[in-house]
Amino acid sequence: MKNGVVIVGAGHAGVQAAAGLREDGYDGPVILVGDENELPYHKPPLSKTFIKDQEAKPQPLRGEAFYTGSTIDYRPGIRIDRIDAGRRLELSGGGVLPFDRLILATGSRPRILPLPGSELSGVVSLRSLADARLIRALSAQSEDVVIVGGGFIGLEIAATLKAAGREVTVVEAVDRLLGRAVAPVIARHVRQRLEATGVRILTGTMIARLEGENGHVSAAITTSGERLPAQMVIVGIGVVPNVELAQAAGITIANGIRVDQQMRTSVPEILAIGDAASYRHWLTGGDVRLESVQNATDQARLAARTIVGHADAFAAVPWFWSDIGDMKLQMVGLISGGDSHVVLGDVNENKFSIYHYAGNRLLGIESVNRPGDHMLGRKMLGAGFSPTLQTVATGPDGLKAALAAFQKEEPVRAAE
Ligand SMILES: Cc1cc2nc3c(=O)[nH]c(=O)nc-3n(C[C@H](O)[C@H](O)[C@H](O)COP(=O)(O)OP(=O)(O)OC[C@H]3O[C@@H](n4cnc5c(N)ncnc54)[C@H](O)[C@@H]3O)c2cc1C
């Protein structure tokens, strides 16, 4: 393969794919192209620590030596505009880049809020390091911040900016926080604790328009007419996958760039991974597009294996975390379709886990400040082990013993 592998997108997925190719012994050219002018960096700290600390530095995914020592040809600040039929990429500044295999790791971008006033300065969203730098700078000049959207990112930012001394109001259109992503008991718990710190939360409320002075936002007006003062409005209403490159090349799109169990798109020499990719999940049989660091890195490892000739199917257990103020939320598995649950720990102590079941099958575990339950959950779901509700009630020690007994009885399945 003389042109080698080109990876478009130098985020969590793209960088891991480059690393995976070298780890799996691929010795052809590996070219990593990204449109940001940065050393690729970790995104999660942006909403948790970076925006409140004027001195905080970005955390690189890999040190600079990675891009030279492991012979990854990293090309920052280059946008790919088109994939042509002759296995070539067209670069935005002119020029073409040929490839033998292509990995699309283009991620996702914030959903736009189509509101009167959203063009005002001070109206921002958070996806990239550049966005985080802007929010940090605006935060220094803002007393009041309105956050539109009560999802993970919005709530992380709310907690972070409240801790930095801002007056923060979260406006969420539906009647609960965190959408359908977590159980209602977690959504209520997060709300109570955030409100206890002084974050104002308006659910079932929409913003009708934004007002400004001299071109800069000054207030958000709700549909019921309340005027919320704001020198910064942060829009966090979800993301849309970056599928346009693939779509224009005729690749199948279905809520993301559709991939099979080896991360191949409908054009076999082109693979897709990370936030941009959608696929049938092995755990539930449902179609998903997951937005998490774990999903991005595990898919990247698999894409590299596919390229070097392995035929493993994607079988990673999905997990996710979010830090909202003093709550470390960790989720493992996919809980939709559950019909019962059991709670371990104490909600009042801000330390509990919810085990979700469909019939006798453990679907997933959501934990607040109980990392041990989360780690054990990853092992149980990875082994295909569903403890009974009685075993869950015995707590971590009983669960560990039951898992060990299961793995002894079913070593083959557990090792898969
Ligand atoms: C603020 C924030 C906090 C988060 N916190 C968590 C967390 O706590 N836990 C968790 O699991 N997940 C978290 N996430 C989600 C996680 O970061 C994403 O799921 C992950 O980054 C997805 O990786 P990716 O490589 O698919 O996409 P990205 O990391 O977004 O990388 C895609 C890259 O491709 C580039 N690109 C796109 N199109 C082109 C093109 N045509 N040419 C060149 N380059 C292109 C983009 O600019 C970007 O640099 C967070 C995300 C954000 C924004």
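Note that ligands are numbered from 1 as they come in the structure, with each ligand's atoms numbered from 1 the same way.
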Quiz prompt | Donor on one side chain, acceptor on other, D373 and S353, under 3.5 Å | solution = yes
Self-check item: Identity and distance of the protein heavy atom lying nearest atom 17 (O) of ligand 1
Solution: K43 CB, 3.4 Å
Self-check item: H42 touching ligand 1 at heavy-atom level, < 4.0 angstrom
Solution: no
Practice problem: Around atom 48 (C) of ligand 1, find the nearest protein heavy atom and jot down its residue, atom name and distance. | Solution: E36 OE2, 3.5 Å
Exercise. Heavy-atom contacts with F320 under 4.0 Å: which atoms of ligand 1 show up? List them by number with element.
Key: 9 (N), 10 (C), 11 (O), 12 (N)
Quiz item: Any idea which atoms of ligand 1 are less than 4.0 Å away from a heavy-atom of L126?
Solution: 1 (C), 53 (C)
Exercise. Would you check if the side chain of Q54 reaches a backbone N or O of R136 as a donor-acceptor pair within less than 3.5 Å?
Key: yes
Quiz item: Side chains of R191 and T203: is there a donor and an acceptor less than 3.5 Å apart?
Solution: yes
Quiz item: Going through the distances and angles, do I103 and V8 end up as a side chain to side chain contact (heavy atoms under 4.5 Å, CB included)?
Solution: CA-CA 6 Å; I103 302 180; V8 181; over 6 Å; no
Exercise. Give the residue, atom name and distance (to 0.1 Å) of the protein heavy atom nearest atom 9 (N) of ligand 1.
Key: W321 O, 3.0 Å
Practice problem: Below 4.0 angstrom from a heavy atom of L245, which ligand 1 atoms are there? Numbered from 1 as shown, please. | Solution: 41 (N)
Exercise. Number the atoms of ligand 1 from 1 as they appear, then name those within less than 4.0 Å of a heavy atom of G274, with their elements.
Key: 26 (O)
Self-check item: All pairs passing side-chain hydrogen bond (donor to acceptor under 3.5 Å, both in side chains) where residues 37-48 contributes a residue, at least two apart
Solution: E36-Y41, E38-R133, S47-E156, K48-E156
Quiz item: For Q294 and ligand 1, does the shortest N/O to N/O distance drop below 3.5 Å?
Solution: no
Quiz item: If we ignore angles and hydrogens, is there a donor and acceptor under 3.5 Å between the side chains of T71 and R22?
Solution: yes
Quiz item: For atom 19 (O) of ligand 1, what is the nearest protein heavy atom, given as residue, atom name and distance?
Solution: D275 OD1, 2.7 Å
Quiz item: Roughly how far apart are L102 CG and I31 CD1, rounded to 0.5 Å?
Solution: 11.0 Å
Practice problem: Around atom 46 (C) of ligand 1, find the nearest protein heavy atom and jot down its residue, atom name and distance. | Solution: D35 OD1, 3.5 Å
Quiz prompt | Step-by-step side chain to side chain contact (heavy atoms under 4.5 Å, CB included) determination, E366 to L329 | solution = CA-CA 7 Å; E366 299 173 299; L329 271 61; over 6 Å; no
Quiz item: Just by distance, with hydrogens left out, do R166 and S142 show a side-chain donor and acceptor under 3.5 Å apart?
Solution: no
Practice problem: May I ask you to identify, for F152, whether its side chain, its backbone, both or neither come under 4.0 Å of ligand 1 on a heavy-atom basis? | Solution: neither
Quiz item: Which atoms from ligand 1 have a heavy atom of A105 less than 4.0 Å away?
Solution: 32 (C), 33 (C), 34 (O)
Practice problem: Please could you name the atoms of ligand 1 that S292 approaches to less than 4.0 Å, counting only its heavy atoms? | Solution: 11 (O), 12 (N), 19 (O)
Quiz prompt | Check: N369 side chain, M327 main-chain N or O, donor-acceptor pair, under 3.5 Å | solution = no
Quiz item: N/O of A13 under 3.5 Å from N/O of ligand 1, yes or no?
Solution: yes
Quiz item: What atoms in ligand 1 come closer than 4.0 Å to a heavy atom of R127?
Solution: 21 (O), 27 (O), 28 (P), 30 (O), 53 (C)
Exercise. Check if L290 has a non-hydrogen atom at a distance under 4.0 Å from any atom of ligand 1.
Key: no
Quiz item: Any N or O on S108 sitting closer than 3.5 Å to an N or O of ligand 1?
Solution: no
Quiz item: Of P44, S322, G11, A10, which has the heavy atom at the shortest distance from atom 31 (O) of ligand 1?
Solution: G11
Quiz item: Would you call R209 and E211 a salt bridge, taking side-chain N to carboxylate O under 4.0 Å as the test?
Solution: yes
Quiz prompt | Atom indices of ligand 1, in the order listed, that fall short of 4.0 Å to a heavy atom of V8 | solution = 40 (C), 42 (N), 43 (C)
Quiz prompt | N or O contact, S47 vs ligand 1, cut-off under 3.5 Å | solution = no
Exercise. Check each heavy atom of H12 against ligand 1 and say whether those closer than 4.0 Å belong to the side chain, the backbone, both or neither.
Key: both
Self-check item: Protein heavy-atom partner closest to atom 15 (C) of ligand 1 - residue, atom, separation in Å
Solution: E291 O, 4.3 Å
Practice problem: Could you check atom 2 (C) of ligand 1 against the protein and tell me its nearest heavy-atom contact, residue, atom and distance included? | Solution: I153 CD1, 3.2 Å
Quiz item: Among A132, G107, P318, whose heavy atom sits nearest atom 27 (O) of ligand 1?
Solution: G107
Quiz item: Looking at R264, R101, R87, which hits salt bridge (Lys or Arg N to Asp or Glu O under 4.0 Å) with E269?
Solution: R87
Practice problem: Could you tell me the residue and atom name of the protein heavy atom closest to atom 11 (O) of ligand 1, and the distance to it rounded to 0.1 Å? | Solution: V293 N, 3.0 Å
Self-check item: Main-chain N/O of K52 paired with T160 side-chain donor or acceptor, under 3.5 Å
Solution: no
Quiz item: Distance only, no hydrogens: is a donor on one side chain within 3.5 Å (strictly under) of an acceptor on the other, for H189 and R193?
Solution: no
Quiz prompt | Y279 and N295: CA distance, side-chain angles, deciding distance, side chain to side chain contact (heavy atoms under 4.5 Å, CB included) verdict | solution = CA-CA 11 Å; Y279 57 104; N295 180 71; 2.7 Å; yes
Quiz prompt | Carboxylate-amine/guanidinium proximity below 4.0 Å for E167 and K162 | solution = yes
Quiz item: Going by distance only, is there an N or O of I80 that falls short of 3.5 Å from an N or O of ligand 1?
Solution: yes
Quiz item: Are S108 and R127 close enough that a side-chain donor and a side-chain acceptor fall under 3.5 Å?
Solution: yes
Quiz prompt | Non-hydrogen protein atom less than 4.0 angstrom from atom 21 (O) of ligand 1 | solution = yes
Exercise. Could you tell me whether K48 and ligand 1 have an N or O pair separated by under 3.5 Å?
Key: yes
